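Contents: one structure, followed by commentary.
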Amino acid sequence: MSNYFQGEMVILSEMLAAREQRVTLQQALLAKCPQASLLSATLNIPGPVKNTPALEKTFIALVETVRKELKDFFIIETNYFSRKTGLEFFLLAEISPELLKRKMVAIEEKNSQGRLVDLDVLWLKDDKIQSISRQDLGFPARRCLICNQDAKVCGRARTHTIEEMQAKIITIIEQGKE
């Protein structure tokens with residue numbers, strides 16, 4: 001599947017450890033500035049290879065789109081990680097969670113490659129991390145890249161093979177270059 005998915009393979013225990021590490025960092029960032037909102041961005045890549053130079057190039061372009069969209073807001077801190085388990089970007093800013101999520105949904109909707117990234121918005125309430133979903137703001141759930149049904153339903157049911165999803169991701173990235 002071209003150079004997009006040729007790289008170091010990740011096992012489940014590594015993904016679970018990476019998720020724990022991400023939550024720990026999210027908590028630490030929000031603790032620094034409890035009134036701020038946190039954007040946690042990751043690529044949504046199926047299969048055992050989560051990071052390659054070709055995928056990173058796409059992710060960096062999406063991160064730049066996010067930065068441009070938020071240029072008028074006070075950015076407290078950003079962190080970027082390129083790990084075997086995937087690409088991660090964190091942005092802590094003085095912006096309401098609702099406005100930040102609306103801006104991220106706009107990126108997901110306007111940018112064809114925006115469908116490949118999870119743009120999660122988090123904040124603290126009573127010392128607990130809260131998140132805001134698309135549906136909380138009246139937007140429809142994210143659609144499957146292949147069949148346009150609810151992405152979570154397809155994911156849970158494993159409706160599509162990893163190869164089908166990877167082929168679609170390559171198509172989306174390549175079309176986004178035009």
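Numbers here are sequence positions counted from 1. Just so it is clear, the structure is predicted and the values come from calculations on it, not from any experiment.
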Does [X], at its [atom1] atom, have more than 12 non-hydrogen atoms belonging to other residues, nucleotides or ligands within less than 6.0 Å?
X: N148; atom1: CG; value: yes
X: E20; atom1: CD; value: no
X: R83; atom1: CZ; value: yes

In this structure, would [X] and [Y] fall into the same cluster of hydrophobic residues linked by side-chain contacts under 4.5 Å?
X: F81; Y: L38; value: yes
X: F90; Y: L116; value: no
X: V117; Y: V10; value: no
X: I75; Y: V63; value: yes
X: F5; Y: I60; value: yes

If you look at every heavy atom in [X] and [Y], which pair is closest and at what distance?
X: Q135; Y: A141; result: NE2-CB, 3.2 Å
X: P140; Y: R134; result: O-NE, 2.9 Å
X: P34; Y: A31; result: CD-O, 3.7 Å
X: N79; Y: E77; result: ND2-OE2, 3.1 Å
X: Y80; Y: L87; result: OH-CD2, 3.5 Å
X: C154; Y: H160; result: SG-NE2, 3.7 Å

Can you measure from [atom1] ([X]) to [atom2] ([Y]) and round to the nearest 0.5 angstrom?
X: L99; Y: F73; atom1: CG; atom2: CZ; result: 4.5 Å
X: I170; Y: Q175; atom1: CD1; atom2: CD; result: 12.0 Å
X: I95; Y: L100; atom1: CD1; atom2: CG; result: 5.0 Å
X: N51; Y: I45; atom1: CG; atom2: CD1; result: 9.5 Å
X: W123; Y: Q130; atom1: CH2; atom2: CD; result: 6.0 Å
X: L39; Y: L122; atom1: CG; atom2: CG; result: 8.5 Å

pair [X]-[Y]: side-chain heavy atoms closer than 4.5 Å:
X: L91; Y: F89; result: yes
X: M104; Y: I107; result: yes
X: V49; Y: Q6; result: no
X: L119; Y: V66; result: yes
X: L70; Y: K103; result: yes
X: T85; Y: K50; result: no
X: L92; Y: T78; result: no

Would you find a donor on one side and an acceptor on the other, under 3.5 Å apart, between the side chain of [X] and the backbone of [Y]?
X: Q113; Y: I173; answer: yes
X: S37; Y: A93; answer: no
X: T65; Y: A61; answer: yes

Charged N to carboxylate O under 4.0 angstrom, [X] versus [Y]?
X: E98; Y: K101; result: no
X: R142; Y: D118; result: yes
X: R115; Y: E109; result: no

Problem set entry | salt bridge (charged side-chain N to carboxylate O under 4.0 Å, His left out) involving E8 - partner list, sequence neighbours excluded | K84
State whether a side-chain donor-acceptor pair under 3.5 Å links [X] with [Y].
X: S40; Y: Q26; answer: yes
X: S131; Y: D120; answer: no
X: S82; Y: E56; answer: yes

